[in-house]
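The structure appears right after this line, and notes come after that.
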Amino acid sequence: MNAPSIRPIRSEDLTADGVVTDGVIELTLEGAAELGAKALLDDFLADVRAASGDRQDVVVDLRGLEYMNSSSFKSILTWIVAVRELPEERRHTIRFISNPRLHWQRRSLHSLVSMGGDAVTVEEREPTP
Amino acid sequence: MSEPVHSAPVVGPASFATSFPPSVSLVGAVRRFVFTFYTRIIGDRDQASLLALATHELLENAVAYCAGGEVTVRVTVAPAGSGHLVRVRTRNTASSEHIATLERIIEQLRATEDPVVFFRERMRQAIRDATGSGLGLPRIRAEAGLELECSVIDGDVELIGQTVITSKADP
């Protein structure tokens with residue numbers, strides 16, 4: 001049976017894509033998550049949860065995300081806390097890939113990791129030219 | 001060949017202000033501008049990134065809750081010792097309920113001993129709260145390090161965030 005698809009986000013300021021590969025879901029967010037983005041992200045992450053069946057590990061590439069406002073931050077926060085609270089046998093990992101040139105990402109992801117427990121990690125990686 | 005004049009460091013106070021009818025798209029435009037503005041004056045992209053975050057959150061708050069008329073943002077960067085004093089000020093009309101909410105959050109922020117612990121508590125609350133995030137001001141305090149004040153002037157609400165950025169070369 002095919003996994004449910006992850007509908008992309010295509011707005012003026014934000015794009016998001018999700019690809020289900022062998023055992024891992026790869027997400028890419030680019031642009032800016034500003035006012036109005038939260039509802040789009042909520043739907044997108046609901047698709048991610050459905051696609052993962054709350055079992056598949058997720059990698060979130062944020063290197064092209066110029067900014068994320070606090071409403072969108074809440075959307076991500078709600079998702080990672082939901083994953084953290086899954087029964088242990090169903091709990092998967094979330095790995096954020098951040099851009100070291102966007103210093104706000106280091107601070108904000110540190111805040112998110114503090115709420116995600118062992119399920120959430122962050123890796124800094126230079127963006128692809 | 002000598003350095004062109006326009007690339008020399010800014011040694012005096014620098015400021016700018018802009019006003020516009022509430023517009024979501026202009027908040028992002030201001031954030032991009034102030035990131036460059038802060039970088040050129042302070043010379044530290046990491047600090048500039050956090051100051052741009054604070055400016056965005058203050059201005060987005062002003063736009064989201066503006067009850068009519070224009071929103072104004074004024075940014076001032078002035079030398080302070082070996083660093084810079086950065087002040088971001090927004091002004092807009094707002095409902096009395098929203099002003100009361102701002103005053104309450106800022107009072108809580110001023111009373112807290114650890115803004116990071118306070119921010120984590122607000123994150124826990126935000127997950128349970130279906131309306132709004134309530135995270136903007138605590139995030140500014142915890143992640144960008146700005147002290148916050150709120151006052152009401154001629155019926156408008158004015159939010160001020162400020163911090164001193166010290167040079168990376170300082171011990």
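By convention in this document, chain letters (A, B, ...) are assigned in the order of the sequence lines, proteins followed by strands, and residues within each chain are numbered from 1.
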Gap separating the [atom1] atom of [X] from the [atom2] atom of [Y], nearest 0.5 angstrom:
X	Y	atom1	atom2	result
L53(B)	H103(A)	CG	NE2	10.5 Å
F73(A)	M123(B)	CZ	CE	5.0 Å
D129(B)	T78(A)	CG	OG1	10.0 Å
S25(B)	E12(A)	OG	CD	7.0 Å

Determine the minimum heavy-atom distance between [X] and [Y], stating which atoms define it.
X	Y	result
N69(A)	E60(B)	ND2-OE2, 2.9 Å
E143(B)	R107(A)	O-NH1, 2.6 Å
S70(A)	G136(B)	OG-CA, 3.4 Å
S111(A)	F119(B)	OG-CE2, 3.5 Å

Which atoms of F35(B) are under 4.5 Å from chain A, going by heavy atoms: the side chain, the backbone, both sets, or neither?
neither
Answer with side chain, backbone, both or neither: which region of R31(B) has an atom nearer than 4.5 Å to a non-hydrogen atom of chain A?
side chain
Which atoms of L102(A) approach chain B - backbone, side chain, both or neither, heavy atom under 4.5 Å:
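Only the backbone of L102(A) comes within 4.5 Å of chain B.
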Answer yes if [X] and [Y] sit in the same cluster of Ile, Leu, Val, Met, Phe, Trp and Tyr residues linked by side chain heavy atoms under 4.5 Å apart, and no otherwise.
X	Y	answer
F44(A)	L62(A)	yes
V113(A)	I76(A)	yes
I94(A)	I127(B)	yes

Tell me whether [X] at atom [atom1] has more than 12 heavy atoms from other residues, nucleotides or ligands lying less than 6.0 Å away.
X	atom1	answer
D114(B)	CG	yes
E113(B)	CD	no
F37(B)	CZ	yes
R10(A)	CZ	yes
R84(A)	CZ	yes
R104(B)	CZ	yes

Is a side-chain donor or acceptor of K74(A) paired with a backbone partner of A126(B) at a separation under 3.5 angstrom?
yes
Choice from Q105(A), E66(A), R101(A) maximising heavy atom contacts with chain B below 4.5 Å
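Maximum pair count with chain B is reached by E66(A).
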Does the side chain of S108(A) pick up a donor-acceptor pair with the side chain of R139(B) at under 3.5 Å?
yes
